Amino acid sequence: PQVLLHERIMEVPEVFEDELVKQVPRIEYLEVEKPIELPVFQAQQRIQELPTLLEQECLVEVPQVQCIELIREVPKEVVKTVQKLVERPVVKVVEQPVEVPVTTLQEELVEVPVVEEVEIIKQVPVYELQQVEKRVEVPAVELQERIVEVPQTEVAENPVEVPEIEIC
């Protein structure tokens, strides 16, 4: 028997340990004295009279709602049927003929002519023209020039140097 060998390439990971040096900047603080001028405030007493509002209280009647319970007694109606006898008159009609004399008049219309005189008055206006002189005042307009001084505001800007503040 013969043995055949078959070789194959295979990766084998190999671990190497190595050292990494990383340089990081280190912050060093150095104290430097810097003189600063601080303003000194001195208090001075100054009396200034101010108008003061003095409140005076006055009594004012305020209506107040007060709830009061009202009990109203109402009689309860009880209906009771009671029979009462009432006499009812019965009317009987009896006919009695009575003779009454009747006089009848018959009227007849007769035309009677009546003459009426009517007078018609017709008024016609007569136009009359009258000329009347009327004086009317016409106002005369005169212009006068007047010089009025108007205040004018002038703004002057002065540059002010602002100190820069350094934060350490």
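Everything numeric in this text was worked out from a predicted model, so none of it was measured.
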ask   = What residues, two or more places apart in sequence or in another chain, satisfy side-chain contact (heavy atoms from CB on, under 4.5 Å) together with Gln83?
value = none
key: Pair listing, salt bridge (Lys or Arg N to Asp or Glu O under 4.0 Å) test, anchored in residues 125-142, at least two apart   = none
task = Could you list all the salt bridge (Lys or Arg N to Asp or Glu O under 4.0 Å) pairs where at least one residue sits in residues 46-62, not counting sequence neighbours?
result = none
key: Pairwise salt bridge (Lys or Arg N to Asp or Glu O under 4.0 Å) hits with a residue in residues 82-111, at least two apart   = none
task = State whether the number of non-hydrogen atoms from other residues, nucleotides or ligands found under 6.0 Å of Leu50 atom CG is greater than 12.
result = yes
Glu28: partners by salt bridge (charged side-chain N to carboxylate O under 4.0 Å, His left out), with sequence neighbours left out = Arg26
